[in-house]
Protein chains: 2
Amino acid sequence: MLKLSKKADYGLMALQHIASNQYGDVARARVVNTKEIAEEYHIPVELLAKVLQTMARSGLIDSHNGPKGGYLLGKNPREITIAQVLESLEGPLGLMDCSHEKESDTCMQREHCNIRTPLLKIQSSIYQLLNSMTLQDMMGGTPLITIQSVATEQQGVER
Amino acid sequence: MLKLSKKADYGLMALQHIASNQYGDVARARVVNTKEIAEEYHIPVELLAKVLQTMARSGLIDSHNGPKGGYLLGKNPREITIAQVLESLEGPLGLMDCSHEKESDTCMQREHCNIRTPLLKIQSSIYQLLNSMTLQDMMGGTPLITIQSVATEQQGVER
DNA sequence: TTTTGTACGACTCATTCGATCGGAGATCAT
DNA sequence: ATGATCTCCGATCGAATGAGTCGTACAAAA
């Protein structure tokens with residue numbers, strides 16, 4: 001469950017690869033093209049191209065046309081979060097259909113729905129999680145995230 | 001992104017409904033059948049039946065045949081976690097295909113894959129999150145979960 | 001101007017998910 | 001005890017989402 005799409009996988013791989021060729025120093029920046037990434041990770045070129053275009057449109061990377069063209073990171077790796085990447089490629093985070101809806105709600109269960117509120121809490125927590133991890137964090141091998149829960153704290157559990 | 005299936009939605013709603021009719025007291029337990037839930041939440045009966053069957057097989061609920069039959073909670077609401085429900089209906093948690101694989105790995109990217117490790121960390125955190133929230137928590141309206149991240153702590157971020 | 005490589009849109013195919021149908025088993029009423 | 005009714009249960013069908021492909025247009029370096 002909760003498997004993310006191939007686009008997201010490819011996008012993250014590509015970003016990691018592009019970032020690896022810049023080292024945070026613009027002077028050493030090396031432009032990397034679609035074909036190079038596709039061959040490195042055995043990804044269908046056309047599909048990867050589509051992914052890169054989408055991310056370019058979102059400002060995550062900068063595209064450069066023509067021979068010797070390719071892609072460069074559009075932001076500092078510390079400012080690119082996993083959440084941004086996934087949102088760019090898969091749309092906004094939403095565990096259910098009625099996550100962030102306007103008035104046009106077609107959900108027939110809304111009136112008696114009893115799970116919306118708790119699921120929204122979980123969704124919010126997941127978003128914080130994804131938004132707290134950056135591309136920079138993905139490159140180092142350091143532990144990144146701690147999670148703490150108070151939901152299961154004991155308060156006189158009789159069984 | 002990360003939208004969970006209708007089965008999961010229906011399953012959680014049904015569980016909440018079943019639990020509401022038991023109040024943790026077996027003496028007051030009221031058997032509730034598929035049709036009742038389906039009408040209450042406007043869910044296709046046959047599909048809901050399938051969902052309930054699956055959860056019964058997992059031990060989350062107990063099924064009772066014959067007239068006046070139906071379903072009852074199989075465990076204490078405090079011992080039923082969201083993770084268990086979702087795993088029962090949608091299979092094990094896995095952000096990518098190579099999440100928990102044996103030797104038969106067909107992923108062509110594995111050799112040069114640079115995102116597997118960090119994604120496994122995120123996956124683990126999500127699992128803790130889903131496993132820390134119980135059906136009992138879903139019924140009360142109290143705040144349940146806090147999350148703390150150390151990944152984005154400032155250490156001289158220049159921009 | 002020619003060549004090379006990216007950007008972009010439309011299209012096809014496969015897989016998963018939602019939804020449906022008919023049969024088997026169990027319990028209550030007679 | 002026996003029938004009738006109601007439920008659970010497995011197998012099947014159709015629809016929608018996503019993965020992957022093809023062809024054209026555009027931009028920059030030689």
Side-chain angles (χ1 to χ4, degrees), chain A residues 1-11 13-14 18 31-39 41-72 74 86 88-91 94-97 106-109, chain B residues 1-11 13-14 18 30-39 41-72 74 86 88-92 94-97 106-109:
Chain A
M1 59 171 170
L2 294 183
K3 192 177 61 183
L4 40 84
S5 67
K6 293 285 183 187
K7 291 184 188 176
D9 292 344
Y10 298 158
M13 288 189 209
I18 295 174
V31 182
V32 35
N33 62 19
T34 305
K35 190 181 174 188
E36 174 183 331
I37 304 178
E39 290 179 350
Y41 301 99
H42 304 92
I43 302 174
V45 274
E46 300 87 357
L47 181 56
L48 177 61
K50 215 168 151 56
V51 170
L52 292 174
Q53 292 161 20
T54 303
M55 292 196 296
R57 225 176 292 128
S58 301
L60 296 173
I61 51 180
D62 291 329
S63 67
H64 294 279
N65 253 338
K68 216 167 143 357
Y71 294 94
L72 262 109
L86 297 183
S88 169
L89 295 171
E90 294 193 332
L95 291 182
M96 51 221 150
D97 296 332
T106 59
C107 175
M108 298 311 293
Q109 288 88 29
Chain B
M1 58 171 170
L2 293 184
K3 192 176 61 180
L4 40 83
S5 66
K6 293 285 183 187
K7 291 184 190 176
D9 293 343
Y10 298 159
M13 287 189 211
I18 295 174
R30 191 175 77 82
V31 182
V32 33
N33 60 20
T34 305
K35 189 180 175 187
E36 173 183 332
I37 303 178
E39 290 179 350
Y41 301 99
H42 304 92
I43 302 174
V45 275
E46 300 87 356
L47 180 57
L48 176 62
K50 207 168 152 58
V51 170
L52 292 174
Q53 292 160 21
T54 303
M55 292 196 297
R57 223 176 294 127
S58 301
L60 296 173
I61 52 180
D62 291 330
S63 67
H64 293 278
N65 252 339
K68 216 167 145 352
Y71 293 95
L72 260 105
L86 297 184
S88 169
L89 294 172
E90 293 192 336
L95 292 182
M96 51 224 150
D97 295 333
T106 58
C107 176
M108 299 311 294
Q109 288 89 28

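Reminder, nothing fancy here: chain letters follow the sequence lines and each chain counts from 1.
One atom, CD of A:Glu39, and another, P of C:dG5, lie 11 Å apart when rounded to the nearest Å. A:Glu46 places its CD atom 14 Å from the C1' atom of D:dT24, with the value rounded to the nearest Å. Taking atom CG of B:Leu72 as the reference point, atom P of D:dC8 lies 12 Å away to the nearest angstrom. Atom P of nucleotide D:dG18 and atom CG of A:Asp9 are separated by 14 Å, given to the nearest angstrom. Separating the CD1 atom of A:Ile61 from the P atom of C:dT6 is a distance of 12 Å, rounded to the nearest angstrom. Going from atom CG of A:Leu48 over to atom C1' of D:dA19 covers 14 Å, rounded to whole Å. A:Leu89 has its CG atom 14 Å from the P atom of D:dG20, to the nearest Å. Atom CG of A:Leu52 is separated from atom C1' of C:dG5 by 14 Å (rounded to the nearest Å).
The shortest distance between the side-chain N/O atoms of B:Asn33 and the OP1/OP2 oxygens of D:dT7 is below 4.0 Å. Side-chain nitrogen and oxygen atoms of A:Thr34 include none within less than 4.0 Å of the OP1 or OP2 phosphate oxygen of C:dG5. Taking 4.0 angstrom as the limit, A:Tyr10 places none of its side-chain polar atoms (N or O) nearer than this to OP1 or OP2 of D:dA19.
Between A:Glu90 and A:His64, the one whose closest nucleotide on DNA chain D sits nearer the 5' end is A:Glu90. Nearest-nucleotide positions on DNA chain C place A:Pro67 closer to the 5' end than the other of A:Pro67 and B:Leu4.
Using a 4.0 Å heavy-atom criterion, one finds that A:Lys68 contacts no nucleic acid atom at all. Within 4.0 Å of B:Lys35, counting heavy atoms only, lies no atom of the nucleic acid at all.
You'll find that the side chain of B:Pro44 is closest to C:dT20, out of D:dG10, D:dC8, C:dT20. Of the listed nucleotides (C:dG18, D:dT21, D:dC8), D:dT21 has the atom at the smallest distance from the side chain of A:Lys50. Considering only side-chain atoms of B:Leu47, the nucleotide from D:dT21, C:dC21, C:dG18 that sits closest is C:dG18. For B:Asn65, the listed nucleotide lying nearest its side chain is D:dT7; candidates were D:dA28, D:dA19, D:dT7. Candidate nucleotides C:dC8, C:dG18, D:dT21 were compared by shortest atom distance to the side chain of A:Gln53, and C:dC8 ranks first.
Taking CE from B:Met55 and CG from B:Asp62, the interatomic distance works out to 12.0 Å, rounded to the nearest 0.5 Å. Atom CD1 of A:Ile37 sits about 5.5 Å away from atom CG of A:Leu48, to the nearest 0.5 Å. We find the OG1-NZ distance between B:Thr34 and B:Lys50 to be 13.5 Å, quoted to the nearest 0.5 Å. Distance check: B:Leu4 CG to B:Leu86 CG gives 6.0 Å after rounding to the nearest 0.5 Å.
The main-chain N or O of A:Ala8 is never found under 3.5 Å from a side-chain atom of A:Glu90 such that the two would form a donor-acceptor pair.
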